[in-house]
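To start, the structure itself, in structure tokens.
Atoms within each ligand, like the ligands themselves, are counted from 1 in listed order. Note that this is a predicted model, so its numbers are computed, not measured.
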Amino acid sequence: MYARILLIVFTSSAIAQNLNTFGIGLSSHWLYSKETELFNYTLSEGSSFGVLTHFWTTGDPAIDESVFSYYIDGESVPSIQFVTYMLVGAGFNDQTTPWGTKWIGKGAKYGGWYNNFRVPFQRSIRITGKLPAIKNNRKMIWIILRGTENLPTNFYGFQLPSNARLVLHKIENQTFHPISWVPLVDIPSGQGLLFAHTLAVMSGNLNFLEGCYHAYTKYQDEFPGLIVSTGTEDYFDSAFYFNAGQYHNEISGYTHYKELSNNVYEWSAYRIHDLDPIFFTNGFRFHWRNGDVIDENGYKCILNQGGSIVGAPTQSIVTSYTWTYIW
Ligand SMILES: *[C@@H]1O[C@H](CO)[C@@H](O)[C@H](O)[C@H]1NC(C)=O
Ligand SMILES: *[C@@H]1O[C@H](CO)[C@@H](O)[C@H](O)[C@H]1NC(C)=O
């Protein structure tokens, strides 16, 4: 008994010693149409890894369209580069507010975008911001960034390896034909987990929502792989084309809907997988379909080609952010 208590005290104090929290809060700062450094941080001597834990920003509406880049461990091409509205899972710069979950949200009429995804690094992290091309070449930003050295990341019984990296896989404004496959993630080798996904679609009607999600948890796995959902809205924890309206729940949200005058529909949703991670063991493919088909018995999600198209999905313009941890 006595020995066990001693051991616990010793272990926790040894870990706690190196929990250096770092960060910045920049107020009334300028952002330019030229990429500008907002923050850089190199691990203290003796620390083995660090993790960014918080991002928040507000300011001029141009901030909403600005691009933020995270350069991990001296990367020349950032493994994470985003606009704020997609970072919080709200397509088409949806300004609905206030809402929030522990991971993402928007807490003000103008800006107030935040994200608490864990972004691990081994040596350094460098963060930049860049305005969209605008006439006036600077706009005001307020930004808070924070992290901690040697802080482990746990998801309900699973601890991320300390060498894990968060990678953002993007599709931006790409056009897909009806019932074509949309390759959201393509990682030829390695292990990891699917952490979060946001999909934003512009289409001629809502029949794209018939599309099923498939995960191939080993790169070479064949269709249908792991059937992750039986339709698009089902993946986001709703049903029947989201007939209960919009919501911002902890692990899923239906964040945007707009019917434009010329028979064009905008829609977006997010899904966080911290509670039900999808692990991959030897490469990974994650696919969504722009609409779907049924076989002769009326079953969906089980035909790769052929079959009868459900409804009349049209061409869609797709933007997607999919976040994986890889190690
Ligand atoms: C990192 O930021 C510091 C100020 O905090 C600055 O002096 C230094 O030049 C920056 N380093 C790089 C590589 O940009
Ligand atoms: C995608 O298209 C929208 C609407 O035209 C535009 O506002 C946005 O900047 C585009 N995104 C990218 C990454 O090109």
*Quick check: does Glu65 get an N/O under 3.5 Å from an N/O on ligand 2?*
no
_Give me the atom names and distance for the closest heavy-atom approach of Leu160 to Phe155._
CG-CE1, 3.9 Å
*Determine whether Trp181 and Ile179 fall in the same hydrophobic cluster, where Ile, Leu, Val, Met, Phe, Trp and Tyr are linked whenever their side-chain heavy atoms lie under 4.5 Å apart.*
no
*List every atom of ligand 2 that sits less than 4.0 Å from any heavy atom of Glu172, numbering the atoms from 1 in the order shown and giving each element.*
13 (C)
*Below 4.0 angstrom from a heavy atom of Asn173, which ligand 2 atoms are there? Numbered from 1 as shown, please.*
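Per the distance check, 1 (C), 2 (O), 3 (C), 8 (C), 10 (C), 11 (N), 12 (C), 14 (O).
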_NZ/Lys102: more than 12 non-hydrogen atoms of other groups inside 6.0 Å_ =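 Yes, because the 6.0 Å sphere around NZ of Lys102 holds more than 12 heavy atoms from other groups.
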*Does OH belonging to Tyr299 count more than 12 external heavy atoms closer than 6.0 Å?*
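Counting other residues, nucleotides and ligands, OH of Tyr299 stays at 12 neighbours or fewer.
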*Answer yes or no for atom 11 (N) of ligand 2: protein heavy atom present at a distance under 4.0 Å?*
yes
*Output yes when a protein non-hydrogen atom is found under 4.0 Å of atom 4 (C) of ligand 2, and no otherwise.*
no
*Phe284 vs Phe280 aromatic rings, parallel, tilted or perpendicular, using cut-offs 30° and 60°?*
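Parallel, since the angle between the ring planes stays under 30°.
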